[in-house]
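Lettering follows sequence order; numbering is per chain, from 1.
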Protein chains: 2
Amino acid sequence: MAHTALHDSLPDEAEAFTPRQQAVLECALKLLVEGGEKALTTAGLARSANCSKESLYKWFGDRDGLLAAVVSYQASKVHFASEGAATDAVTFRSHLTAFVHELLGVLTGETSLALNRLAIGQSNREDARLGRLLLLRGKYTISTRARALLEAGRFRGFLKFEDAEEAYQVLYGLAVRDQHIRQLLGDKPRTKDLDVDRQASLAVDRFYRLFGADAPLAGGGK
Amino acid sequence: MAHTALHDSLPDEAEAFTPRQQAVLECALKLLVEGGEKALTTAGLARSANCSKESLYKWFGDRDGLLAAVVSYQASKVHFASEGAATDAVTFRSHLTAFVHELLGVLTGETSLALNRLAIGQSNREDARLGRLLLLRGKYTISTRARALLEAGRFRGFLKFEDAEEAYQVLYGLAVRDQHIRQLLGDKPRTKDLDVDRQASLAVDRFYRLFGADAPLAGGGK
DNA sequence: TTCAATGTGTACCGTACCGTACGGTTCATG
DNA sequence: CATGAACCGTACGGTACGGTACACATTGAA
């Protein structure tokens with residue numbers, strides 16, 4: 001594994017960055033977090049990372065390539081712990097809570113917010129390259145992981161639903177609510193919403209009341 | 001009704017735009033929707049709206065003022081119908097469903113997406129003027145309206161919760177889920193998610209299962 | 001030592017855009 | 001008709017940034 005990587009599958013191609021390049025990308029992330037897209041100029045990055053603009057263009061092609069590299073690089077650093085199969089209801093629920101906890105932690109992170117702002121800000125034209133990249137490397141992988149977890153729960157009889165994707169979306173909605181968009185817009189979250197532990201367990205509580213095995217009605221019932 | 005409007009609350013100050021200025025702002029919105037922030041240049045707007053750059057600067061100060069004016073103008077056009085008090089459970093629920101329907105309709109609109117992208121894209125620096133403006137004119141007013149509606153439902157005995165803000169956020173999460181962020185990133189929604197009617201009634205179903213008067217447990221259990 | 005490869009630092013060019021200035025036009029008013 | 005205000009169209013200055021070219025430093029191998 002982790003050879004030169006045929007680019008048909010997504011994940012580890014991002015690891016094909018030289019340590020030097022990773023250092024530069026790290027510096028780019030820093031600039032991006034503290035100043036936004038406007039602060040990430042080629043000259044500024046070159047100065048800040050002690051490298052030459054020529055190297056930047058040699059490595060990443062052009063500025064868009066640099067931005068894409070930053071997104072790929074950061075995405076490659078986020079890994080959701082894939083816990084072993086849960087045999088009993090209690091540990092499964094704790095796994096699910098841990099997942100939601102991790103999800104909230106990632107979404108509210110400063111670098112995640114900065115990258116989402118970057119990708120959204122230039123998803124206006126119909127190309128939306130960065131947006132698609134972020135969806136692919138971020139949301140889709142997380143969604144896949146979540147669906148697997150939920151389906152395992154259904155198989156074990158802890159959960160009850162028809163469409164795993166829809167169930168995941170509801171879980172996402174219960175956990176994130178409008179906190180993400182508010183933070184993207186620069187709102188400071190209330191102290192109550194900073195208690196990730198509580199928010200995660202609250203969301204799982206409510207999710208079980210909708211999709212738990214003992215819930216009165218199944219998910220999509222007409 | 002619909003007279004000059006007393007300016008007791010924040011919103012209608014934005015109506016202080018000359019018809020000519022409104023036409024220009026409408027044109028700016030058009031440019032913004034189809035091309036994003038990059039497409040909204042002062043020269044381009046002047047050419048596209050058949051006005052002079054000098055007028056733009058006279059009216060809006062500078063480019064940031066223009067962007068703020070666009071946001072204010074669009075926000076002033078969105079009005080959530082404030083329905084009369086519902087006396088019976090069925091009509092209240094239909095009012096709630098209508099609210100969610102309207103919420104989804106606004107959020108998925110192209111102009112709303114474009115403005116959110118604009119505000120998010122430049123909410124990187126800690127100033128985030130546009131972000132705050134959008135939060136104030138958009139989310140906060142909607143949230144206020146929603147809380148009033150929910151509290152009316154609680155007063156009538158149709159709903160059961162402690163914190164209206166939290167109940168609203170859950171309703172928002174159930175309705176919007178991750179559709180908004182996906183669309184902001186340029187994702188095309190699935191056909192299933194384009195059925196706003198169904199999504200609204202599904203969200204209200206689930207909301208009632210969590211906060212309905214006959215729900216097994218009240219909101220913030222423990 | 002010589003040579004090639006890689007990378008840094010800097011200078012430079014073209015372009016895009018913000019903001020302003022100026023001449024010309026319409027229109028209302030006395 | 002004269003006058004002034006508002007506005008259009010355009011041209012111009014200033015600047016910031018993307019991208020390229022070039023001179024110099026470092027390293028490693030023959």
Covered region of DNA chain C, 5' end to 3' end, by chain A [heavy atoms, under 4.0 Å] = C/dG7 to C/dG9
Only counting residues at least two apart or in another chain, list the ones meeting ring-ring contact (aromatic ring centres under 6.0 Å, His included) with B/Phe99.
-> B/Phe80
Got a list of protein N/O to nucleotides 19-21 of chain D N/O distances below 3.5 Å?
| unit_1 | atom_1 | unit_2 | atom_2 | d |
| --- | --- | --- | --- | --- |
| D/dG19 | OP2 | A/Tyr57 | OH | 3.4 |
| D/dG19 | OP2 | A/Arg63 | N | 2.9 |
| D/dG19 | N7 | A/Lys53 | NZ | 2.7 |
| D/dG19 | O6 | A/Lys53 | NZ | 2.6 |

Apply ring-ring contact (aromatic ring centres under 6.0 Å, His included) to B/Tyr168 and list each qualifying residue two or more places apart in sequence or on a separate chain.
-> none
In whole angstroms, the gap separating C1' of D/dG18 from CD of A/Gln122 amounts to 14 Å
Side chains of A/Phe17 and A/Val24 in contact at under 4.5 Å (non-hydrogen atoms) | no
Looking at every strand, decide which applies to A/Ser55 at a 4.0 Å heavy-atom threshold: base, sugar-phosphate, or nothing.
-> base
Using side chain to side chain donor-acceptor pair (under 3.5 Å) as the criterion, list what pairs up with B/Asp178, not counting sequence neighbours.
-> B/Arg182
Enumerate the residue pairs fulfilling side chain to side chain donor-acceptor pair (under 3.5 Å) with a member in residues 30-40 of chain B, sequence neighbours excluded, ordered by first and then second residue.
-> B/Glu37-B/Arg63
Mind checking what makes ring-ring contact (aromatic ring centres under 6.0 Å, His included) contact with A/Phe60, not counting sequence neighbours?
-> none
Side chain to side chain donor-acceptor pair (under 3.5 Å) with B/Lys139: which residues, sequence neighbours excluded?
-> B/Tyr172
Does any pair with a residue in residues 92-104 of chain A pass salt bridge (Lys or Arg N to Asp or Glu O under 4.0 Å), and if so which ones, sequence neighbours excluded?
-> A/Arg93-A/Asp205
Expected list for residues 45-52 of chain B near DNA chain C, using heavy atoms below 4.0 Å, is none
Using the salt bridge (Lys or Arg N to Asp or Glu O under 4.0 Å) rule, collect all pairs that involve residues 110-120 of chain B, keeping only residues at least two apart or in two chains.
-> none
So side chain to side chain donor-acceptor pair (under 3.5 Å) across residues 39-54 of chain B, not counting sequence neighbours, yields B/Ser52-B/Ser55
